[in-house]
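Okay, structure first, notes after.
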Amino acid sequence: MTELTKTLCPYCGVGCGLEVLPPAQPGKATNRDSQGNPIWQVRGDRTHPSSLGKVCVKGATIAEAIDKNRLKYPMIRETLDQPFRRATWDEAYNLIVNRIQTVRHTMGADAICMYGSGQFQTEDYYIAQKLIKGCLGTNNFDANSRLCMSSAVSGYIKSFGSDGPPCCYDDLEKTDCAFLIGTNTAECHPIVFNRLRVHHKKNRQVKMIVVDPRRTQTAEAADLHLAIRPGTDIDLLNGIANLLMRWGFIDSLFIDECTKGFPDYMQVIQSYPPELVARTCGIRLDDIEQAARWWGESQRVLSMWSMGINQSSEGTAKVRTLINLHLMTGNIGKPGAGPFSLTGQPNAMGGREAGGLAHILPGYRVVTNPQHRREVEQFWELEPGQISDQVGLNAWEMITGLETGKVGLLWVAATNPAVSMPDLERTKAALMRSPFTIYQDAYYPTETAEYAHILLPAAQWGEKTGTMTNSERVVTLCQAFRQPLGEAKADWEIFAEVGRRLGFPKPFNFANSAQVYQEFVRLTRNRPCDLSGLSHHRLMVSGPIQWPCPETETEINRTPKRLYTDLRFNTPDGRAQFAAYYSKGLAEPPDPDYPLVLTTGRLYGHWHTQTRTGRIEKIRKMHPTPFMEIHPKDAQKLGIESGNLVQVRSRRGKAYFPAQITKAIAPGTVFVPMHWGALWGDNTEANAMTHPECCPESKQPELKACAVQLSIVNPE
Ligand code: SF4
């Protein structure tokens with residue numbers, strides 16, 4: 001291939017457009033990596049509406065990772081203590097089909113689990129749903145998005161009647177006040193943040209408030225940084241609401257006509273006088289008042305959040321408490337305003353559209369709704385009742401299901417749970433007990449491959465054509481620009497072949513991913529995420545398109561599409577629902593034995609568990625080793641000096657990090673990055689310490705905080 005190919009960055013949910021060219025261009029020097037190997041040329045796509053040609057270091061260096069550490073052939077072993085041997089696809093498929101049939105007959109379909117990924121393209125997600133939820137009849141499909149944004153999904157559904165971030169990136173340039181809570185946007189969603197930063201710099205009246213226990217790069221750029229104690233988000237938000245109420249900054253007309261539940265909410269916020277909130281959160285009263293004043297005086301408030309809110313045992317409550325502020329001030333459905341969750345993975349949004357979590361079905365349907373199940377059954381030509389009415393096992397329940405023997409087969413695809421799950425020692429012990437684990441990924445070795453009986457090579461970015469949806473609901477066609485390496489195949493092709501061999505030829509009779517997408521979008525017709533006007537062909541000809549895009553939209557509409565501009569929500573009566581939550585705080589607060597709070601997070605250059613970024617020299621130089629941030633007061637109390645190797649221990653496990661003493665972290669809290677797994681050695685796994693306590697509504701674990709103690713190793 002010699003032509004330019006348009007695609008999407010496969011890292012984060014910002015969804016930046018990329019253009020890819022072959023390594024050698026006529027008349028130009030061949031593009032090479034740092035070792036001198038020819039590599040594809042990647043640059044930002046100026047025509048992409050979400051990123052306008054910008055990319056961060058991850059997108060700019062992605063080409064270097066294409067051929068590194070690739071899994072090229074199926075591999076099989078009988079037991080985990082044996083080495084893998086190369087196998088044919090035929091042998092691998094036969095083994096998988098045989099094991100699925102055996103588990104189905106001996107343990108039932110609910111003993112089969114698939115754990116997928118926001119790295120999937122939507123076509124991969126869709127075929128996986130058809131296989132697991134449709135043909136096998138269990139809802140045991142969950143994705144690593146469970147660890148990432150399921151609280152946002154749950155919050156949107158409960159407050160607005162359906163999922164879907166209502167905002168657009170255009171709002172970043174229209175807002176009067178940006179309220180960022182639990183998100184280090186500057187490092188984790190850098191291109192989104194750049195748009196906001198430019199708007200903020202250009203317009204002195206625009207305010208930026210950042211709520212985060214760390215003084216991150218995002219906080220550095222803010223007009224006001226509220227360094228609250230971990231776990232006090234709901235206190236702060238209810239305290240701001242208390243002041244908005246007290247000062248009369250509420251939109252009574254909007255509340256009366258477009259919402260319900262306000263009286264109960266009012267009662268709750270009476271319990272959050274700002275003086276008390278300041279003490280609880282560990283910040284100044286003046287700062288809370290300033291935040292409330294800026295919110296109240298602004299015509300257009302845009303809030304943004306990510307893991308700091310979602311990864312919590314009260315994640316849904318936090319999301320909904322934030323949404324409450326928008327509802328009480330009418331800050332939704334207009335340019336520059338609204339609650340905007342930033343997705344972590346490149347296609348977590350596509351996963352939501354395709355039903356890629358254990359409680360949902362394609363087209364923003366839910367498995368517990370009989371009408372929704374029937375609609376999908378009819379569309380898939382299944383018998384009534386073939387889709388289970390039970391919510392499937394979520395990510396953590398799959399781990400506990402292995403512990404109890406409830407899970408007989410685990411199929412993991414495009415994710416690395418042996419690094420990313422909480423309570424790693426327990427997670428790994430459970431994976432060791434798995435009777436049969438299929439691991440399907442583009443990369444090898446990974447930490448999770450150590451626990452697999454069979455490895456399936458998946459085509460990766462650039463080797464398969466499909467769609468992805470970014471945080472602002474823009475769908476991009478990601479076109480293949482090269483053949484899959486070795487014998488790798490697209491994830492959807494693997495699922496479809498297993499489906500056919502299990503005896504379901506018709507549901508998986510697709511010649512290519514365009515046909516898969518064509519079928520999928522029909523299932524979204526007249527649903528909140530209506531994609532029925534989209535096709536691979538249309539996306540190729542017209543470029544990325546934002547949904548909703550019903551089939552009646554025959555002309556390309558480039559106007560940013562916000563949800564709820566008519567102020568009607570997707571609830572039965574069209575009203576948004578206020579939520580009345582009291583703060584519960586951390587699931588594991590500090591105590592005399594474990595007196596500090598550990599918080600974990602991402603770094604600018606690395607992506608998740610480093611399967612790609614760990615192989616890119618520029619990024620490795622940028623972030624060569626993990627570290628632990630500690631405030632000078634805590635360091636002094638414990639006699640820790642900069643660079644000391646420190647053991648960080650929780651009730652579940654321990655890891656070791658060199659200390660970085662900095663006032664960027666609040667006293668009483670320490671921070672470590674989450675990117676390092678066992679493959680990198682040196683016991684630096686952040687999730688060795690974290691706990692699996694989940695939000696009762698979203699089932700998202702509280703990966704963001706746990707109680708730890710510190711001790712110095714080899715003091716000088
Ligand atoms: Fe890729 Fe996200 Fe960076 Fe954009 S901001 S280039 S999508 S990692």
Side-chain angles (χ1 to χ4, degrees), residues 5-20 40-66 117-122 144-145 148-149 165 168-169 172 180 183-198 216-218 221 304-307 340-351 414 460-462 466-479 481 543-544 546 601-616 618-620 622-623 673-675:
T5 309
K6 286 185 184 271
T7 182
L8 196 74
C9 174
Y11 283 116
C12 88
V14 173
C16 298
L18 299 180
E19 292 177 339
V20 183
W40 292 78
Q41 303 177 45
V42 174
R43 65 187 185 209
D45 176 2
R46 286 168 194 264
T47 66
H48 196 286
S50 299
S51 53
L52 311 169
K54 304 277 192 309
V55 287
C56 75
V57 69
K58 290 191 281 292
T61 57
I62 176 71
E64 282 195 47
I66 293 181
S117 166
Q119 296 281 320
F120 279 170
Q121 292 176 339
T122 303
N144 54 12
S145 310
C148 178
M149 54 61 189
C168 309
Y169 295 164
L172 300 161
L180 289 79
T183 171
N184 182 6
T185 324
E187 291 194 72
C188 303
H189 298 96
I191 301 307
V192 153
F193 192 71
N194 282 352
R195 284 180 74 163
L196 178 63
R197 184 168 14 209
V198 169
T216 58
Q217 287 182 26
T218 314
M304 292 153 69
W305 77 93
S306 50
M307 299 313 118
F340 199 178
S341 64
L342 299 173
T343 42
Q345 300 252 15
N347 197 34
M349 288 285 292
Q460 62 137 348
W461 174 80
T467 55
M468 291 204 183
T469 308
N470 72 6
S471 286
E472 63 161 348
R473 291 172 279 105
V474 166
V475 182
T476 302
L477 182 68
C478 312
Q479 299 183 68
F481 53 84
Q546 193 173 31
R602 281 166 45 186
L603 304 175
Y604 169 65
H606 275 310
W607 175 252
H608 288 190
T609 66
Q610 295 195 59
T611 40
R612 279 181 297 214
T613 53
R615 315 290 172 191
I616 295 172
K618 184 170 181 184
I619 294 178
R620 283 188 63 74
M622 194 179 271
H623 307 297
M674 50 70 74
H675 305 289

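Indexing begins at 1, ligand by ligand and atom by atom, following the structure's order.
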Report, one line per pair, each donor and acceptor closer than 3.5 Å where one atom sits in a side chain of residues 49-61; sequence neighbours left out.
residue : atom : partner : partner atom : Å
Ser50   : OG   : Asn470  : ND2          : 2.9
Ser50   : OG   : Glu472  : OE2          : 2.6
Ser51   : OG   : Gly17   : N            : 2.9
Lys58   : NZ   : Tyr604  : O            : 2.6
Thr61   : OG1  : Val57   : O            : 2.7
Thr61   : OG1  : Lys58   : O            : 3.4

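By the salt bridge (charged side-chain N to carboxylate O under 4.0 Å, His left out) test, Arg46 is found to be paired with no residue, residues two or more places apart in sequence or in another chain being considered. Residues passing the side chain to side chain contact (heavy atoms under 4.5 Å, CB included) test with Gln217 are Ala186, Glu187, sequence neighbours excluded.
Shown here are the protein N/O/S atoms lying under 2.8 Å from atom 1 (Fe) of ligand 1, water excluded: Cys9 SG.
The structure places NE2 of His675 at 4.0 Å from CG of Leu603, a figure rounded to the nearest 0.5 Å.
Between Leu180 and Leu196 the shortest side-chain heavy-atom distance falls below 4.5 Å.
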task = Using the side-chain hydrogen bond (donor to acceptor under 3.5 Å, both in side chains) rule, take Thr476 and His48 through it: C-alpha gap first, then chi angles, then the decisive distance, then the call.
result = CA-CA 9 Å; Thr476 302; His48 196 286; 2.9 Å; yes
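Put simply, part of Pro190 is less than 4.0 Å from ligand 1, judged by heavy atoms.
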